[in-house]
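Some notes on the structure that comes next.
As the structure lists them, so they are numbered: ligands from 1, and atoms in each ligand from 1.
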Amino acid sequence: MKYSEKLRIIEEIARAPVYYPVGFVKNKLLILSNMEDKLTLWILDPSTGEKEQIVKDPVTGVAKPVEETGMIVYSKDVTKGRELSRIYYMYIDEKIEYEAKKFPPQRIVGMAADREKIVFTGSLENKIMLNQITMENGRQEVVYEDQRPFFVSDVEDNVVVGSGHFTEDPRASELFFFDIVEKKLRVYTPSKGSVNEPAELRDKKLLYLTTAFGDKKVIIHDISTGVDREPSYRYDDYRQEHYPDYAGIGWTEEGKIWFVGKKNGRTTAYIDGKKLDLPHGFLSGFVVKKDKAYFGHSSLTVPPKLYMYDSVTRETRLLLDTTITNDILEKLGETKFIKYKSFDGLEIPAFISESRITSKPGPTVVYVHGGPWGEVADSWNKFIAALVATGFHVIAPNFRGSTGYGEEYRLMDIGDLGGADLQDVIYARNYAIDTGIADKTAILGYSYGGFMTYIATTKAPELWDAGVAGAGIVDWEEMYELSDQLFKSFMDILFAGKKELWRDRSPIHYIEKLRAPLCIIHPQNDSRTPLKPILRFMQKLIEHEKTFEAHIVPDMGHYLGKTEDAIKIIYPAIIFLSRYMK
Ligand code: 4NP
């Protein structure tokens with residue numbers, strides 16, 4: 001395949017819009033989408049199909065809009081990718097952007113608003129803050145500070161809710177209730193050691209997910225009485241299936257509950273216990289308004305579309321489609337969901353996408369997701385689609401530590417990053433060879449997946465023909481020094497405080513062992529996985545005469561907010577793999 005053809009495929013895939021509905025404002029649907037080459041905010045009138053981009057720049061976060069006042073709250077990076085953001089808001093009727101100037105730019109990690117105020121959590125070098133903007137007088141103040149990581153999720157009257165890691169137990173997360181009048185934070189857990197994820201407040205009742213009563217469950221916490229109870233649903237479709245995880249939960253305006261259950265990388269949506277009849281794949285964003293639901297939908301082989309579901313007629317209507325040409329989509333083969341056994345017998349789920357334009361066995365890429373608390377689901381993934389469409393088979397393991405398979409499975413990587421999870425990735429590679437998919441194998445990933453590329457190619461060098469590391473991690477010790485308070489505490493949790501492991505799990509100390517050629521791609525302004533340790537790593541690669549190429553991407557950070565950001569990562573990766581895998 002010619003370079004120009006590869007670039008055409010990659011560019012079309014990178015430009016394909018994603019749709020993520022956020023909520024309703026004055027009868028219009030607010031959606032996060034990259035319809036115009038950057039991920040930003042649009043409003044769509046579902047009755048006419050008319051759409052309008054309302055924010056010019058990429059946004060890094062958005063709160064659920066305030067329906068009554070038509071206020072939309074969002075954050076934008078003001079530091080060329082360093083992820084120091086400011087809060088902005090606008091009213092849908094006037095569409096003038098207001099900036100909360102008093103707060104220093106910070107890593108914003110949660111925001112919520114009601115008609116009276118905006119609250120958000122943000123991290124600086126040495127603290128995490130809860131900030132408040134009062135709409136009536138424009139006052140902007142820090143109302144609470146902590147060293148421990150915590151995140152706002154909703155606000156109603158005088159109560160701010162969120163979650164955080166407030167105890168010594170790295171496996172636990174608790175809810176918090178912050179009283180705006182008293183300026184007091186109260187930490188709550190229904191059971192010591194449980195994992196708790198708040199969703200939405202409605203009439204002083206918090207809808208949340210918890211492992212306090214066994215597997216992850218949807219629970220209602222009554223703030224006035226302190227009582228936790230399971231919701232009751234009108235329909236009982238939901239009883240037919242058990243979900244180890246959820247892609248979303250929420251209240252409807254009428255006080256019913258909807259949830260999107262997640263199992264083996266696919267989702268099923270329920271409103272008031274009643275199952276929606278939708279095609280296989282994955283929902284992203286779910287907004288319920290009267291008797292209709294709005295959601296993005298995709299799979300590994302079907303690019304995102306925006307749908308409306310009418311729960312009265314049980315019909316699904318396409319609102320926004322995608323624009324990838326058929327000859328590209330036809331190159332994407334079938335998706336298979338499999339489970340294989342790792343070194344210790346643990347079953348590891350994985351998705352396999354076989355390329356229609358490559359023989360079997362053929363060049364295969366082990367795609368490692370980021371997070372590490374993330375997953376590859378049966379949902380559109382630009383990296384995987386571009387690899388498959390340009391002629392690589394892909395196996396994407398959901399190694400221990402991945403989301404989607406229960407909290408016990410997710411928490412298995414704590415205190416052992418780059419240990420058993422690395423073995424799971426290696427066993428994915430072995431599986432692809434043993435089952436006749438792969439002849440040559442490469443490893444590729446971004447962020448935590450970039451770390452995996454470095455650690456796999458240095459600690460198990462004989463297994464790989466090539467490695468591509470995007471925004472990776474090579475030295476945990478230096479990374480800790482360079483991190484802000486949020487990422488310092490994230491590392492403390494992930495390593496369970498075992499700093500003695502940092503050295504053993506840092507690829508920079510195993511460079512002599514590297515054999516495969518490496519493609520290093522790193523955003524210049526990345527503040528999550530900083531560039532500095534990578535530069536030292538490259539210096540050592542030169543000293544040891546290792547084969548590598550490096551792409552430092554200017555004016556870009558960790559977060560891929562623009563279409564061209566994705567192209568700048570995927571294109572060099574594929575050109576490199578074509579050179580060393582075929
Ligand atoms: P991610 O980036 O994969 O994009 O979530 C990461 C940043 C930091 C760490 C892991 C992943 N960390 O372990 O500190």
- [ ] Not counting sequence neighbours, which residues clear ring pair (Phe, Tyr, Trp, His ring centres under 6.0 Å) with His522? List them please.
- [x] none

Open item on the list: Below 4.0 Å from ligand 1: does a non-hydrogen atom of His558 turn up there or not?
Closed with: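 His558: in contact with ligand 1 (<4.0 Å).
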
- [ ] Specify whether Phe286 and Phe295 have parallel, tilted or perpendicular ring planes, treating 30° as the upper limit for parallel and 60° as the lower limit for perpendicular.
- [x] parallel

Task: ligand 1 versus Trp476: contacting region, heavy-atom distance under 4.0 Å - done: side chain

Quick check on contacts: which atoms of ligand 1 are under 4.0 angstrom from a heavy atom of [X]?
| X | answer |
| --- | --- |
| Met479 | 8 (C), 9 (C), 12 (N), 14 (O) |
| Tyr448 | 3 (O) |
| Leu494 | 12 (N), 13 (O) |
| Gly370 | 3 (O) |

Specify the protein heavy atom at minimum distance from [atom]: its residue, its atom name, and the distance to 0.1 Å.
| atom | value |
| --- | --- |
| atom 14 (O) of ligand 1 | Met491 CG, 3.1 Å |
| atom 7 (C) of ligand 1 | Phe487 CE2, 3.6 Å |
| atom 1 (P) of ligand 1 | Ser447 OG, 2.4 Å |
| atom 11 (C) of ligand 1 | Gly371 O, 3.3 Å |

Task: Which atom of Thr40 lies closest to which atom of Trp42, heavy atoms considered - done: O-CD1, 3.6 Å

Task: Arg536, CZ atom: more than 12 neighbouring heavy atoms under 6.0 Å - done: yes

TODO: Would you check, one step at a time, whether the test ring pair (Phe, Tyr, Trp, His ring centres under 6.0 Å) holds for Phe451 with Tyr454?
DONE: CA-CA 5 Å; Phe451 163 67; Tyr454 288 123; 8.4 Å; no

- [ ] Find out whether the Lys NZ or Arg CZ of Lys216 is both under 6.0 angstrom from the six-membered ring centre of Tyr246 and within 45° of the ring's axis.
- [x] no

Open item on the list: With a 4.0 Å cut-off on N to O distance, would you call Asp37 and Arg15 a salt bridge?
Closed with: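 Judged by the 4.0 Å cut-off on N to carboxylate O distance, Asp37 and Arg15 do form a salt bridge.
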
